[in-house]
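Below is one structure, written out as structure tokens; comments come after it.
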Amino acid sequence: MKNLKNLKFESKAIHAGLDDEKHGATNVPIYLSSAFAYETPEELSEVFQGKRYGHIYSRISNPTVSALEKRINSLENGVASIAVGSGMAAINTAIQAIVGSGDHIVASKSIFGGTTHLFEDVLSRINIEVSFIDPLNEEEIKAAIKENTQLIFVETIGNPKLDICNIDSVSKLAEEAGIPLIVDATLTPPSIFNGKEQGASVVIHSSTKYMSGSGNVVGGVLTDTGNFKWKTCKSKHIQKIAKRFGNLAFIGAVRSDVTNVGNIASPFHASLLLSGLETLSLRVERHCQNAMNLASFLEVMGLTVSYPGLSNHPERELVESQFNGMGGGMLTLRLGSKAACFKFISKLNIAKNLANLGDMKTLVIHPASTIYLGFDEKLKEEAGVYDDLIRVSVGCEHIDDIIADFKQALYEV
Ligand SMILES: *Cc1c(COP(=O)(O)O)cnc(C)c1O
């Protein structure tokens, strides 16, 4: 093995996890094998006992998926990463590894709609209570933490509200309460946000988005940053596992849940994601540049636009301190009415109207009539979903083409 220690992010994104001494392949091979054979029954038994390293069955582990996990962990500078079948699977698995019936979670109000559904429709059924708080209001967070609170869950940038959570401040509140902070950082990929440096205990990404980059995969990853001492965790389940695994208890719990529940990543998707990660920092730089340019253009046109990189964004300072000065690839636009939004979207030529983000292609959606359909008015307002709001995931096309497309569509409204 070559020495790949101390490489910078861009280099690790290309080299970490690649280890094919047998053939010298320059991409991690796709191991399409449900199970892995051993010469002797003694060897297989030793692998089962954990005395010998090896893969057994692809629901438990798979070499291609393991390579992806190594690459992501190397980018996050974490303890270990685990890849699963979707971003939702990553969120659900991380949370259920810690909480059980009778427990309580403190979560941000401005989180992804699917996560709100998980909290309200699934976790509530197994007697897990969630208190929704404004992630920018420290007093509200403190007041929401109870005896049976097991964790705090926030997103780096709310979607579509685009409010920015001060991860460092919230991590201090979590630390005082002796509970882990779980951060969904999907909107701020690891090339612009390092959860470990900001104090997160666990960082989650829907790899469907920027990590894939081409909109060809549904996937999720989670990383234990090493910031939280799991041996001291209040969770009964984690305490039980910590007896055997010590501070690796969280990763141990997640690995066994992924194995037992079966929400695994496929080796084919892992291979696509390994390629996606190679270009992550380049792409994200362009997403951020294009989003900044488009936001400035829309602002000059006199439109109501929200973008974390603009100087009028209320948490603009956090863009510098938390995201290396990069405002991300998402912006929102308010056009005065739902009818105006629909007309505008219909007239766009390049931008695609669909429910995804973080793709090389520019994507738009009217959240109120799609992702947030059926949500009650109060929840929608708290999540920043208005009837006249369009969410834009700015792609990597030439900025002149994106601006020209928006300009011609806006003339029609
Ligand atoms: C898309 C998304 C998710 C869910 O991820 P899937 O891969 O679609 O399951 C979770 N959080 C955020 C912020 C997202 O954008």
Side-chain angles (χ1 to χ4, degrees), residues 65 68 72 81-96 105 107-123 130 132 135 152-165 167 181-190 192-193 195 200 202-223 258 261-266 269-270 272-273 276-277 280 284 287 291 308 322-323 328-332 354-359 361 363-365 367 370-372 375 382-385 391-395:
V65 177
L68 172 66
I72 287 168
S81 299
I82 292 182
V84 290
S86 68
M88 286 317 305
I91 295 167
N92 184 44
T93 310
I95 287 178
Q96 292 216 39
I105 293 170
S108 162
K109 273 172 192 167
S110 50
I111 49 174
F112 175 68
T115 311
T116 310
H117 272 303
L118 168 71
F119 290 161
E120 301 225 306
D121 302 340
V122 182
L123 297 187
V130 182
F132 291 99
I152 302 179
F153 182 93
V154 296
E155 290 181 7
T156 46
I157 302 186
N159 163 18
K161 202 171 180 183
L162 303 183
D163 52 339
I164 305 175
C165 179
I167 302 299
L181 170 65
I182 301 191
V183 177
D184 177 343
T186 300
L187 264 58
T188 51
I192 61 171
F193 171 76
V202 175
V203 177
I204 293 177
H205 286 274
S206 161
S207 52
T208 313
K209 317 291 169 58
Y210 291 101
M211 285 189 176
S212 138
S214 299
N216 52 9
V217 171
V218 171
V221 291
L222 57 88
T223 302
V258 169
V261 175
N263 50 4
I264 52 168
S266 96
H269 286 179
L272 291 172
L273 286 168
L277 287 172
L280 181 73
V284 172
H287 281 295
Q322 242 173 225
F323 310 138
M330 302 278 289
L331 59 86
T332 60
L354 53 76
N356 194 14
L357 60 91
D359 192 316
K361 298 150 205 94
L363 315 172
V364 297
I365 193 162
T370 54
I371 304 168
Y372 288 84
F375 274 60
E382 284 173 351
V385 178
R391 185 186 83 182
V392 184
S393 169
V394 185

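Start at 1 and go down the list; that is how both ligands and their atoms are numbered.
Counting all heavy atoms, side chain and backbone alike, V394 lies closest to H287 at O-ND1, 2.7 Å. Closest approach of H205 to A185, counting heavy atoms only: CE1-O, 3.0 Å. Contact detail for S110 and E155: the closest heavy-atom pair is O-OE1, 4.0 Å.
We find the CE-OG1 distance between M330 and T188 to be 11.5 Å, quoted to the nearest 0.5 Å.
The nearest heavy-atom contact from the protein to atom 5 (O) of ligand 1 is S206 OG, 3.0 Å. Nearest non-hydrogen protein atom to atom 4 (C) of ligand 1 is F112 CE2, 3.4 Å.
In this structure, a donor-acceptor pair under 3.5 Å is present between the side chains of N263 and T93. S214 and S212 share no side-chain donor-acceptor pair at under 3.5 Å.
In summary, the atoms of ligand 1 found under 4.0 Å from a heavy atom of G87, numbered by their order in the structure, are 5 (O), 6 (P), 7 (O), 9 (O). Contact atoms of ligand 1 toward M88: 4 (C), 5 (O), 6 (P), 9 (O) (distance under 4.0 Å to a heavy atom of the residue). Each of the following atoms of ligand 1 lies closer than 4.0 Å to a heavy atom of D184: 10 (C), 11 (N), 12 (C), 13 (C). Which parts of ligand 1 touch G219 is read off a 4.0 Å heavy-atom cut-off, strictly below it: atoms 7 (O). Shown in contact with T208 at under 4.0 Å from a heavy atom are these atoms of ligand 1, numbered in order with element: 6 (P), 7 (O).
A cation-pi arrangement is present between K209 and F112 under the rule of less than 6.0 angstrom and at most 45 degrees off the ring axis.
Q322 contributes a side-chain N or O that, together with a main-chain N or O of I167, makes up a donor-acceptor pair within less than 3.5 Å.
By the 4.0 Å heavy-atom criterion, G358 is excluded from the residues contacting ligand 1. Distances from ligand 1 to the non-hydrogen atoms of I91 include at least one value under 4.0 Å.
Under 4.0 angstrom from ligand 1, the non-hydrogen atoms of L357 all belong to its side chain.
In terms of polar-atom proximity, defined here as any N/O pair under 3.5 Å, K209 does make such a contact with ligand 1.
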